[in-house]
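One-based numbering, in listed order, for ligands and for the atoms of each.
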Amino acid sequence: MLFFACCIPVKGIQLGAIYDLQRDDIERVPNSLIDFIYNIHSKTVMNIIEEWKDDDIAQEYIEFLIEKEFIFFAYEDHFPNLSDDCFNDDVSKIEFATIIVSDDLIDKMQYISDRIDYLGVKRLHLHFSLNVDVKKIHNVLNSLQKSCVIDLSVSLPYQENFTSSVVLKEQRLKSIYFYQSPYSKEDNYGRINLYYLKQDGSNLFVPKSSIDTIAINHRAFLTAKKFNLGLYKTILVDHLGRIRLNAVDQKDYGLFLGSKEEIEESLLILSVLWNLSRDKIHPCKDCELRYACTASFIPEYIPEREGYFVNCNYNIHTNEWIY
Ligand code: SF4
């Protein structure tokens, strides 16, 4: 009996998980099931039946693994183990940027667009404040027309009848988040996902872990093995144009519109943080979600405890999210 190489068992302190990297799915399972997988891997069916025939839980585990197609029966394993070498072919300096678009920054959009190209930003999120109108949004998107961005999303205050807006013609626009909406709803307008959120704009970028911050795919998994997936090549540019890692970050990493030399220095400082994989951070190192978690908590070194820590809202002992 063999375990598919694209299904990755990960143990946590209390619960385990199987990452199905082919189906981009995750199954939370008891740690004892993961021990069982290692125990039966490569054994013959006859051996497994002989060893576990009187164990009801083992029978349940086998049924579960067959039903979920995590295991298969063969004399030889035809699926080689995943190689870490096929990691990230991306050459951009920053892959994902969020920009808090203030009036001051709107006037500098051409420079911002140049900087986005210099960094090779692929995914860009633009956050607009309460006083924004459709014309401003349209102008900002227009100034990015020739940029290297391939995936755009925006957040803006709730507006009725936005679906008649010219903004929706932007081909790279994938998602719009309407904050301060009177209702919660997910919808779509053609290829564009629309999210109506009741929360106000100020806490949209406060780091938080939830089922929505779990990314299961091959590239994310390999990235998370080496780096902090939530911070890797990711920045937030605040309303004053300062580079941050998230909305509550108080550290100074320099200005987004600083010189290229200054930007390179900022990247050097940031890379120290994104090089800290979650295997080196408490409590993440004991969390079953550590190779899929995109929450952007910034690890802090605590000398008395001789380690890096984050204050996450996921409890690894009860496996519950605290909101
Ligand atoms: S403990 Fe760490 S890995 Fe687990 S959900 Fe929180 S931030 Fe993510």
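Protein heavy atom closest to atom 5 (S) of ligand 1, with residue, atom name and distance, is S209 OG, 3.4 Å. Scanning the protein for heavy atoms near atom 2 (Fe) of ligand 1, the closest one is C284 SG, 2.4 Å. Annotation: atom 8 (Fe) of ligand 1 to nearest protein heavy atom, C293 SG, 2.4 Å. Nearest non-hydrogen protein atom to atom 3 (S) of ligand 1 is R278 CD, 3.6 Å.
Counting only distance, with no hydrogens or angles, the side chain of R244 and the backbone of K251 share a donor-acceptor pair below 3.5 Å.
Around atom CD of E300, no more than 12 heavy atoms belonging to other residues, nucleotides or ligands sit under 6.0 Å away.
Between W321 and Y314, the ring-plane angle classifies as tilted under the 30° and 60° cut-offs.
Atom 4 (Fe) of ligand 1 has an N, O or S atom of C287 inside 2.8 Å of it. Not one N, O or S atom of C312 sits under 2.8 Å from atom 2 (Fe) of ligand 1.
A donor and an acceptor atom, one from each side chain of H125 and S155, are located under 3.5 Å apart. Using a 3.5 Å distance cut-off with no hydrogens or angles, the side chains of Y253 and D249 do pair a donor with an acceptor. In this model, no donor atom of one side chain and acceptor atom of the other lie less than 3.5 Å apart for S102 and D104.
Atom numbering of ligand 1 starts at 1 in the shown order; those under 4.0 Å from a heavy atom of R290 are 3 (S). With ligand atoms numbered from 1 in the order given, ligand 1 contributes 5 (S) to contacts under 4.0 Å with heavy atoms of Y314.
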